[in-house]
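Positions are given from 1 along the sequence. Order of listing sets the numbers, starting from 1, for every ligand and every atom in it.
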Amino acid sequence: MPSVAPTTHLWLREETKPMEHRAALSPEVCQKLLAHGGFEITVEACESRIFKDAEYADVGCTIVPGDSWRKAPADAIITGLKELPENDQTPLPHTHIMFAHCYKQQGGWKDVLSRFSNGKGLLYDLEFLQDDNGRRVAAFGFYAGFTGAAVGVDAWCEQQLHPGAKYPTVKPYPNEDELIAAIKAKLAAIGKAPKVMVMGALGRCGSGAVSLVRKTGIPEENILQWDMAETARGGPFQEIMDVDVFVNCIYLSSKIPPFITQEQIDSDRQLSVIVDVSCDTTNPFNPIPIYSVNTTFDNALLDIASKNPKPLQLCSIDHLPTMLPRESSNQFALDLLPTLLQLSDRATAPVWTRAKKLYEDKVASMATADSGTTLVSVAMRPGKQIAQVIQQLTEEIGKAGNIKSRVTRHETLTALMSLQQRLRQYTHLPPNGLLLYCGYAATGDGRQRLVNVSFSPPKPVADSIYYCASKFVLEPLAKMLEDDRRVGFIIMDGKGCLYGAVTGNSRTVLHSFSVSLPKKHRRGGQSSVRFAHLREEKRHNYVRKVAEKATQLFISNNMSNVAGLVLAGSADFKDVLLKSDLFDKRLAEKVLQTVDVAYGGENGFDQAITLSRPFIADMKLVQERDLISGYFDNIARDTGKVVYGYGDTVELLREGAVETLIVWGNLDIDRCVFRSAEGAAVERHVAARAAPPDCDGLELESRGRLIEWLLEEHRKHGASLRLVSDSTPEGTQFAQGLGGLGGMLRWKPTRYDAESDYDGHCSDDSFDL
Ligand SMILES: NC(=O)c1ccc[n+]([C@@H]2O[C@H](COP(=O)([O-])OP(=O)(O)OC[C@H]3O[C@@H](n4cnc5c(N)ncnc54)[C@H](O)[C@@H]3O)[C@@H](O)[C@H]2O)c1
Ligand SMILES: N[C@@H](CCCCN[C@@H](CCC(=O)O)C(=O)O)C(=O)O
């Protein structure tokens, strides 16, 4: 019987990176593969792809819904270009062909790689599919350099034509002629040409960049082409400062001295635009160590902080060729075709076996690679000199260069430099001093994120500190947030005793125990005197136990550790305790009041807090309860001057209607922003770590914690923000019943009926931003 060759099943997945329009397989290449035989091709429907679904269907591909690759048959080879959907750490059981950017210890590399190994899948990384001479079989480099240089020259033109204006969103072009014509027109309007340096000019990206610059008519004498020979002496290079536009296109494979330093940027320079096509943003050896994020097509330029007032803008878009999606995809897919045709022999074809071996080596390297994290904390007390701390950070940067582990060194350097950059933005130290925190911190979903925050705290910073450790040093902050007072509570009734404490906005149960005391009435057979004696003895022992435990809990270092004490109970026990000699005198002196409560245990504790209001009204916990009670009271009275639900609260905040924004401190909700084809933004809210919601097929543009956004946003709309805990019954009801977000309003909105649209779940309200 003739043997039937097994079919290779390619599954072209939908690209989910915002504004990605390219495809790893073009319809033309699919047609060729199918005509060759031995291939089956499934294509996920995708609106943003430059090739229409119908073009694939017409050549014989099967069209399936987008994002369905997870359920693809086990033998399907999932093919794509850019990263898989974010916020997903699920194991990957399939074989994938893609650019994964996780073989050079880029930020989060282990998270990416371990998804494949955990799922027993396999990664064939497109960047490392090489022929027998070590040359890549397919690459986007030429178009990356071409489009990157286009952004660079165009940004320079915009700086001349509209100084200080925001650089417009970069749109894809139907073909390169239109792109060149657009730039030529701007250059003609300016009447002079910039000086451009292309670094790595002999490579794919470099030659693309040089080609673009020439095609725009910039004269040859304005184009500096550098490669290995010119940089052999080691950076930094003053020559870069002397051009207008610097386009970096090198392939970074080992440690090299930086091309550019902050000191140069602060000094006299011609340079006003950098395009880092290489985009080794999170690589430990990034030779342009003055930024730490990738930019995007709608926010293409980053303003680089500099003491020199001349602007310096940097582009670090990591999928530039999508600006010319048709040309770049067609060329890439055709280059890849001969290698794809060898897929049926991938167990022996060298190009595939090498890629598999590399993947296995990289997976094995995860076990020994350093994973130390470096988090930098700086506290500056009032009066501290900013320049002095910047100098100290410069010294630390020098020392960090000697850290042995590449990853730790890179993370430390990034944190220190980002902090320096942040500090330079302050012209003077705020009256209470400053707290600064920076470093790659775990986000809780198995990933890492560069945290870079600075703020002036509500009370003066007590001591200046500098710490570089595996944790942020939060003590200075925690101390400030701590209420200076701690009030103790003893809730005692005939069934048992509970000890609690209220500090700041926290209410803590310290200890509790139950007791079984004889009732007052006489039990059968016992003499009444003996019974009374027994009963008294048991009550006495109970009071003794309560008193002893109180000493243990509320006396430390021979003195009371509470600012006041409240004795509460449903019977006369509390009074007995107060008068008893057994009760420590140092504690008796601290008793603020005794209160009658209807219950024992935690309910009694809550009631005691309420009844002690005159004594503890200034404590955060009480203020928090009052705030939330007032909020609920407004709901009960239907005043219309409150709002709840994520969508409504955010919308009314934007309108300036929210006077007090109430946010539960543990609000675990993400804010997803989608972009419509017309450019309008639509916002949705989902539980953190949940899959992104479907927003009528719109592209997800960004996702982040709602609370982080609110902490910044409320200021713009004149709202005061109150962070509340769930440590009171009211707080629990607010967090669990109303989702933890709401607001007190300045006026009653006409078109909202706050009660009618709340459904107790994450709101999926959407609106134009
Ligand atoms: N941003 C994007 O959209 C995008 C797209 C494609 C590629 N890239 C990145 O661009 C980089 C280059 O890719 P490529 O395909 O052009 O590589 P390539 O190997 O074709 O070219 C790299 C060039 O850099 C030169 N070079 C290396 N080290 C140098 C140094 N220290 N000084 C001067 N020149 C040096 C090499 O000699 C070579 O000519 C890669 O890191 C790639 O990931 C980015
Ligand atoms: N140099 C960086 C990656 C930069 C982003 C490259 N993206 C390119 C990849 C294409 C190519 O290399 O041919 C893209 O076009 O999206 C790293 O190595 O981590």
Side-chain angles (χ1 to χ4, degrees), residues 15 17 19-24 80-83 97-109 112 125-130 133-152 170 197-211 224-237 239-240 246-260 274-288 294-297 300 314-325 327-329 331-333 335-336 410:
E15 297 290 338
K17 187 177 178 85
M19 299 185 165
E20 180 57 73
H21 307 290
R22 293 173 298 169
L81 291 175
K82 299 303 282 184
E83 52 264 33
I97 299 178
M98 64 181 287
F99 287 107
H101 296 307
C102 61
Y103 285 180
K104 293 183 277 185
Q105 304 218 340
Q106 296 96 324
W109 68 282
V112 178
D125 194 309
L126 284 168
E127 186 180 337
F128 298 91
L129 292 181
Q130 293 174 346
N133 299 317
R135 277 189 62 83
R136 280 179 57 177
V137 299
F140 277 101
F142 181 87
Y143 283 104
F146 194 91
T147 49
V151 173
V170 179
M197 179 195 274
V198 177
M199 184 68 89
L202 301 179
R204 283 173 285 254
C205 293
S207 55
V210 172
S211 163
L224 267 79
Q225 300 179 47
W226 277 32
D227 208 277
M228 293 298 275
E230 289 77 12
T231 60
R233 69 186 136 107
F237 304 107
E239 290 87 336
I240 299 176
F246 173 57
V247 188
N248 179 40
C249 294
I250 71 155
Y251 187 88
L252 182 67
S253 51
S254 60
K255 184 182 180 176
I256 53 170
F259 290 156
I260 293 176
I274 299 174
V275 181
D276 192 3
V277 176
S278 302
C279 252
D280 291 307
T281 317
T282 60
N283 190 301
F285 308 135
N286 181 8
I288 309 183
N294 285 336
T295 59
T296 52
F297 284 101
L314 180 141
C315 167
S316 53
I317 296 175
D318 67 359
H319 58 137
L320 283 162
T322 206
M323 244 177 105
L324 285 173
E327 283 127 306
S328 63
S329 302
Q331 180 237 293
F332 182 83
D335 288 348
L336 190 61
H410 166 65

(message) Students often mix this up, so state it plainly: with edges at 30° and 60°, are the rings of Phe237 and Trp226 parallel, tilted or perpendicular?
(response)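 Rings of Phe237 and Trp226: perpendicular, over 60°.
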
(request) Identify the two heavy atoms, one from Ala24 and one from Ala333, that lie closest to each other, and give their separation to 0.1 Å. (result)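 Shortest heavy-atom contact: O-CB, 3.5 Å.
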
(message) A side-chain contact here means heavy atoms from C-beta on lying under 4.5 Å apart; do Phe285 and Leu252 qualify?
(response)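 Counting from C-beta outward, Phe285 and Leu252 do come under 4.5 Å.
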
(request) Would you check if Val137 and Leu336 make a side-chain contact, meaning some heavy-atom pair closer than 4.5 Å? (result)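 The answer is yes; the side chains approach within 4.5 Å.
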
(request) Using side chain to side chain donor-acceptor pair (under 3.5 Å) as the criterion, point out the one residue from His21, Lys82, Glu20 that pairs with Thr322. (result)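 Testing each of His21, Lys82, Glu20 against Thr322, the sole residue satisfying side chain to side chain donor-acceptor pair (under 3.5 Å) is Glu20.
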
(request) Please check if the distance between the ring centroids of Phe297 and His319 is under 6.0 Å. (result)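 Yes, the ring of Phe297 comes within the 6.0 Å limit of the ring of His319, centre to centre.
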
Distances for all N or O pairs of ligand 1 and the protein under 3.5 Å?
residue, atom, partner, partner atom, Å
ligand 1, 1 (N), Val277, O, 2.8
ligand 1, 1 (N), Ile317, O, 3.0
ligand 1, 3 (O), Asp318, O, 3.4
ligand 1, 3 (O), His319, N, 3.3
ligand 1, 3 (O), Leu320, N, 2.8
ligand 1, 15 (O), Arg204, NE, 2.8
ligand 1, 15 (O), Arg204, NH2, 3.4
ligand 1, 16 (O), Arg204, N, 3.4
ligand 1, 16 (O), Cys205, N, 2.8
ligand 1, 20 (O), Arg204, N, 3.0
ligand 1, 20 (O), Arg204, NE, 3.3
ligand 1, 20 (O), Arg204, NH2, 3.4
ligand 1, 24 (O), Tyr251, N, 3.3
ligand 1, 32 (N), Thr231, OG1, 2.7
ligand 1, 37 (O), Asp227, OD1, 2.5
ligand 1, 39 (O), Gly203, N, 3.1
ligand 1, 39 (O), Asp227, OD1, 3.4
ligand 1, 39 (O), Asp227, OD2, 2.8

(request) Run the numbers on Val198 and Phe246 for side-chain contact (heavy atoms from CB on, under 4.5 Å), then give the verdict. (result) CA-CA 6 Å; Val198 177; Phe246 173 57; over 6 Å; no

(request) Compute both the distance and the angle, then confirm whether Arg136 meets the cation-pi test with Phe128: under 6.0 Å from the six-membered ring centre, within 45 degrees of the axis. (result)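 So Arg136 doesn't make the cation-pi contact.
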
(request) Tell me yes or no: between the side chains of Asn248 and Asp276, is some donor less than 3.5 Å from an acceptor? (result)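 On atom types as modelled, these side chains qualify, holding a pair under 3.5 Å.
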
Sub-3.5 Å pairs, protein N or O with ligand 2 N or O:
residue, atom, partner, partner atom, Å
ligand 2, 1 (N), Ser278, O, 2.7
ligand 2, 1 (N), Asp280, OD1, 2.8
ligand 2, 7 (N), Lys82, NZ, 3.3
ligand 2, 7 (N), Asp318, O, 3.0
ligand 2, 12 (O), Arg136, NH1, 3.0
ligand 2, 12 (O), Arg136, NH2, 3.2
ligand 2, 13 (O), Arg136, NH2, 2.7
ligand 2, 13 (O), Phe140, N, 2.8
ligand 2, 15 (O), Arg22, NH1, 2.8
ligand 2, 15 (O), Arg22, NH2, 3.4
ligand 2, 16 (O), Arg22, NH2, 2.8
ligand 2, 16 (O), Lys82, NZ, 2.8
ligand 2, 16 (O), Asp318, O, 3.3
ligand 2, 18 (O), Lys104, NZ, 2.8
ligand 2, 18 (O), Gln106, NE2, 3.4
ligand 2, 19 (O), Gln106, NE2, 2.7

